[in-house]
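From a predicted model like this one, the values you see are computed outputs, not experimental measurements. Just so we're on the same page: letters track the sequence lines, and every chain starts at 1.
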There are 4 protein chains.
Amino acid sequence: MGTSGRRGRPRDEEADARILDAAGDLLLERGYDRMSVDEAATRAGVAKTTLYRRWPTKDHLIVAVVARIQDAVPVAYSGDVRADLTAYLNAITDGLNRMRQVARPATAGDMSAGLVAEVAAAAARHADVGAAVQAMFTRRNALVVTLLEQARLHGELRAETDPEVLFDQLAGALYYRLLVTGRPIDAAYVDRLVTGALDGATS
Amino acid sequence: MGTSGRRGRPRDEEADARILDAAGDLLLERGYDRMSVDEAATRAGVAKTTLYRRWPTKDHLIVAVVARIQDAVPVAYSGDVRADLTAYLNAITDGLNRMRQVARPATAGDMSAGLVAEVAAAAARHADVGAAVQAMFTRRNALVVTLLEQARLHGELRAETDPEVLFDQLAGALYYRLLVTGRPIDAAYVDRLVTGALDGATS
Amino acid sequence: MGTSGRRGRPRDEEADARILDAAGDLLLERGYDRMSVDEAATRAGVAKTTLYRRWPTKDHLIVAVVARIQDAVPVAYSGDVRADLTAYLNAITDGLNRMRQVARPATAGDMSAGLVAEVAAAAARHADVGAAVQAMFTRRNALVVTLLEQARLHGELRAETDPEVLFDQLAGALYYRLLVTGRPIDAAYVDRLVTGALDGATS
Amino acid sequence: MGTSGRRGRPRDEEADARILDAAGDLLLERGYDRMSVDEAATRAGVAKTTLYRRWPTKDHLIVAVVARIQDAVPVAYSGDVRADLTAYLNAITDGLNRMRQVARPATAGDMSAGLVAEVAAAAARHADVGAAVQAMFTRRNALVVTLLEQARLHGELRAETDPEVLFDQLAGALYYRLLVTGRPIDAAYVDRLVTGALDGATS
DNA sequence: CGTTAACCGAGACGGTACGTCTGGTCTTTAA
DNA sequence: TTAAAGACCAGACGTACCGTCTCGGTTAACG
């Protein structure tokens with residue numbers, strides 16, 4: 001008992017990073033389909049067993065990769081919701097656009113949902129991956145929802161405003177364009193979006 | 001001398017339908033991963049070559065299947081945007097929820113993006129599939145965007161309203177919940193959504 | 001209505017030749033496996049149906065091709081068996097060596113049985129092809145066996161000589177080298193062969 | 001330290017035997033064409049990959065099968081070449097006749113070259129298979145050529161006798177009948193053959 | 001200091017689907 | 001009736017890749 005007393009050879013912690021790096025590179029180079037776990041292991045200088053001991057499935061692996069890529073966007077209420085939201089959504093947009101080139105030989109003017117779509121599909125296939133993805137997004141989004149709540153209490157937003165729904169509208173529009181309609185996303189669109197959402201449609 | 005006069009044995013048009021039916025059934029029974037092109041062909045009573053002559057890839061096939069499933073939601077402006085939008089979004093919601101059970105042994109209370117995610121991934125993998133998917137959605141959505149435009153001209157919506165953005169907000173929220181956060185979608189949520197979008201956040 | 005009176009479109013007699021030419025070329029370029037009936041038809045400017053109406057099987061077709069390639073070696077007894085045999089075997093040898101390059105990217109010093117082996121295999125697979133091949137060879141060989149018989153009656157060969165066996169020994173040695181051991185065949189070998197067969201091993 | 005220290009999971013040596021057994025049985029049951037690599041693997045209780053790791057092609061596989069069937073015919077010079085040769089050729093004849101039934105629904109009185117022809121064709125198609133076949137026969141035949149050489153030195157054969165050519169004549173005649181003319185081979189023919197080859201045709 | 005437990009690299013293995021190819025047949029329209 | 005064109009059926013081929021397993025060998029903590 002005592003402290004715990006892990007027995008046996010300890011895991012090579014560096015290996016985790018090397019594997020995620022290699023897998024990430026391959027993902028960016030070739031996309032989900034055209035990359036293989038085998039090659040990721042080889043490129044990381046690691047045996048396949050070592051990789052599978054950590055992530056039991058290709059889907060689990062790539063979700064881990066994406067989770068690591070997800071940059072922590074700093075969120076804090078400044079007293080100006082519009083500015084805060086615009087900054088946040090632009091950060092997200094940058095991230096999404098970076099993942100767009102992936103998985104297809106980036107033909108000019110040709111947009112793809114790339115990695116994001118693969119993550120969504122992986123989540124749809126394995127319940128535990130789905131849970132992980134949702135947890136990841138919930139964590140990320142909670143901060144913004146809180147920010148919206150603060151703005152509401154502060155009087156910047158109407159009292160009836162539903163922060164969760166408002167956030168869904170904003171983030172949703174971005175992902176919808178990315179995953180479904182394939183239309184471009186940029187700062188100009190973010191502006192139209194924030195304006196539309198904050199001002200509302202009816203008077 | 002007339003149009004032309006196709007030569008050679010004409011394609012069996014019935015086969016198309018039989019294949020799509022079989023593939024659709026399999027997709028619903030087993031999901032993308034666990035179904036095979038081979039079995040779809042067999043079940044349709046068709047040789048694999050016949051199938052591959054029409055859809056060069058499993059991904060192409062399933063997109064065709066989904067395109068056919070897409071039910072034509074009738075859209076017409078009644079003079080009451082809120083009602084029209086609510087009806088439309090509820091129809092979409094029903095369709096999405098039907099596709100949710102797919103691709104995972106529907107554990108109770110466990111939501112999945114199912115087929116929709118697979119289609120998004122297929123679109124991300126093949127440029128031509130992506131184009132087809134986008135065309136499909138563009139066609140479907142154009143009607144609603146037109147409806148919103150009519151409502152704006154009619155004075156139901158503010159003059160500054162951006163119909164495209166407004167639609168992205170609405171549809172986007174649904175797909176975002178489906179594909180990313182995995183949260184449930186139902187009539188109650190649709191209400192909150194329409195209210196939030198129409199009323200706006202800032203007074 | 002008389003005896004018959006062929007009705008309908010008459011067969012294109014030229015087509016036979018064009019098909020055999022095309023098939024022969026392909027056979028020489030690529031070999032049995034790597035050539036397809038489809039391509040032969042295309043290259044002959046003929047529909048597959050037309051080809052199959054004439055030769056019901058790929059194997060039948062190539063046997064027809066080979067039969068046509070088989071050059072008629074003139075055989076007549078001159079009074080000098082050794083000379084006659086040597087001439088005949090050299091002609092055969094030339095033919096075999098011509099068929100050797102076939103079916104493999106003629107690496108230097110690398111001998112192959114090429115077409116001959118494929119014909120043998122085709123004969124082994126279909127009884128009727130086998131019969132055709134045997135008939136072809138029987139016809140060709142009968143002349144030489146007759147020649148040997150004449151030489152025997154003429155006193156050039158011993159009375160006990162068995163012409164059939166003698167011929168088997170000579171032709172057999174060539175084909176054995178071609179099909180089995182892959183060793184080279186040339187005029188020098190033909191000389192050794194004729195000498196060995198005529199002179200015998202014991203006293 | 002010694003030679004090395006194999007790494008990785010060792011090959012299942014038993015699998016080789018099981019595969020060759022299964023493939024051999026199928027070959028005998030159905031013949032080359034009508035048997036499939038897939039079924040051989042299944043019947044051997046082995047994954048197709050395992051089979052293809054060992055033999056990269058159906059042709060490679062069947063040559064391996066035949067090589068194993070090839071029974072080691074014991075050869076030793078007894079002082080009586082005629083007897084030795086007769087015994088040896090009869091053994092070969094038995095082997096060839098056993099392989100004759102293969103690959104065609106043995107119609108009575110209908111002879112086929114069966115497996116032997118397929119092996120010859122396989123050798124013609126792949127350079128490496130050809131090399132293997134030739135090596136196999138070279139090994140087998142070397143003993144007999146040596147025996148003939150001994151008989152020559154012993155005075156049983158004329159000093160001018162060319163052992164290699166003599167052997168080609170004998171074995172060649174058998175294979176010629178098998179592969180080309182399709183005529184029967186039996187003990188009586190072997191006798192005529194040995195007599196003809198040893199006694200010679202001229203005086 | 002030896003035992004033991006967990007790790008590591010390498011690579012074979014089972015399973016399974018993919019997409020391709022080809023042999024031969026069938027169905028059209030035109031000659 | 002034959003021709004050309006091309007779709008169709010059937011089924012094998014060889015490849016790819018996932019995730020598991022089996023080796024020999026290493027690296028700790030425990031007794």
Side-chain angles (χ1 to χ4, degrees), chain A residues 2-12 15 33-39 41-42 45-61, chain B residues 4-12 15 33-39 41-42 45-59, chain C residues 6-12 15 33-39 41-42 45-59 61, chain D residues 4-13 15 33-39 41-42 45-59:
Chain A
T3 44
S4 80
R6 211 43 101 258
R7 289 243 274 176
R9 176 171 176 175
R11 281 206 185 167
D12 180 352
D33 266 38
R34 285 175 285 276
M35 78 98 131
S36 74
V37 175
D38 238 278
E39 193 174 3
T42 303
V46 143
K48 249 202 305 184
T49 343
T50 301
L51 190 156
Y52 273 103
R53 198 172 296 116
R54 291 157 164 81
W55 300 279
T57 276
K58 183 178 183 178
D59 283 340
H60 288 82
L61 173 61
Chain B
S4 76
R6 247 340 139 270
R7 293 234 276 179
R9 177 172 177 172
R11 281 206 185 170
D12 182 352
D33 268 36
R34 283 175 286 277
M35 77 101 134
S36 76
V37 175
D38 238 276
E39 193 174 3
T42 302
V46 142
K48 241 195 320 176
T49 6
T50 300
L51 191 157
Y52 274 105
R53 195 174 300 118
R54 291 158 163 78
W55 300 280
T57 278
K58 184 178 183 177
D59 282 342
Chain C
R6 240 359 131 261
R7 293 236 279 174
R9 178 167 174 174
R11 272 204 190 177
D12 180 355
D33 265 38
R34 284 175 285 275
M35 77 98 130
S36 73
V37 176
D38 238 278
E39 193 174 3
T42 303
V46 141
K48 250 203 302 183
T49 342
T50 302
L51 191 158
Y52 272 104
R53 198 172 295 117
R54 290 157 164 81
W55 298 279
T57 276
K58 182 178 184 179
D59 282 340
L61 172 61
Chain D
S4 74
R6 259 326 149 273
R7 293 232 272 183
R9 178 171 176 173
R11 281 208 183 168
D12 182 351
E13 299 297 345
D33 268 38
R34 285 174 287 275
M35 78 99 134
S36 77
V37 175
D38 239 277
E39 192 174 4
T42 303
V46 143
K48 236 198 321 182
T49 12
T50 300
L51 191 158
Y52 273 103
R53 197 173 299 115
R54 290 159 163 80
W55 300 280
T57 278
K58 185 178 183 177
D59 282 340

Separation of [X] atom [atom1] from [N] atom [atom2], in whole Å?
X      : N       : atom1 : atom2 : value
W55(D) : dG14(F) : CH2   : C1'   : 16 Å
K58(C) : dT25(E) : NZ    : P     : 15 Å
R34(D) : dG24(E) : CZ    : P     : 12 Å
L61(A) : dC17(F) : CG    : P     : 15 Å
E13(D) : dT22(F) : CD    : P     : 17 Å
L51(B) : dC18(E) : CG    : P     : 10 Å

Exercise for review: Answer with base, sugar-phosphate or nothing: what part of the nucleic acid does T49(A) contact at a heavy-atom distance below 4.0 Å?
Suggested key: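 Touches a base.
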Review point. What nucleic acid atoms does K48(C) come within less than 4.0 Å of, heavy atoms only: base, sugar-phosphate, or nothing?
Key: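 Result for K48(C) = base.
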Exercise for review: With rounding to the nearest 0.5 Å, note down the distance linking CG in D12(C) to CZ in R54(C).
Suggested key: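 Answer for the CG-CZ pair, D12(C) versus R54(C), is 6.5 Å.
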Check your understanding: Could you state the interatomic distance from CD (E39(C)) to OG1 (T42(C)), rounded to the nearest 0.5 Å?
Key ->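 So the CD of E39(C) and the OG1 of T42(C) are separated by 7.0 Å.
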Check your understanding: Nearest to the side chain of Y52(A) - dA12(F), dG19(F), dG14(E)?
Key ->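 Shortest atom-to-atom distance from the side chain points to dG19(F).
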**Study point:** S36(C) side chain, from C-beta outward: closest of dC9(F), dC13(E), dT22(E)
**Key:**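 Closest nucleotide to the S36(C) side chain: dT22(E).
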Point to revise | Under 4.0 angstrom between T50(B) side-chain N/O and dC9(F) OP1 or OP2 | key: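 Answer is yes, contact under 4.0 Å.
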Check your understanding: 5'-most contact on DNA chain F: A47(B) or V37(D), nearest heavy atom basis?
Key ->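 First, find each residue's nearest nucleotide; the 5'-ward one identifies A47(B).
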Review point. Which residue lies toward the 5' end of DNA chain F, G45(C) or E39(D), if each is placed at its nearest nucleotide?
Key: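 Residue closer to the 5' terminus by nearest nucleotide: G45(C).
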Check your understanding: If you find the nucleotide of DNA chain E closest to R54(D) and the one closest to D38(D), which residue's nucleotide is nearer the 5' end?
Key ->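 The residue whose closest nucleotide sits nearer the 5' end is R54(D).
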Point to revise | Nearest-nucleotide comparison on DNA chain E, the residue closer to the 5′ end among D59(B) and P10(A) | key: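 Result of the comparison: P10(A).
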Exercise for review: Starting from the C-alpha separation in whole Å, work towards a yes-or-no answer on side chain to side chain contact (heavy atoms under 4.5 Å, CB included) for V37(C) and W55(C).
Suggested key: CA-CA 11 Å; V37(C) 176; W55(C) 298 279; over 6 Å; no
Could you list all N or O pairs between the protein and nucleotides 3-6 of chain E that sit under 3.5 Å apart?
unit_1: dA6(E); atom_1: N3; unit_2: R9(A); atom_2: N; d: 3.3

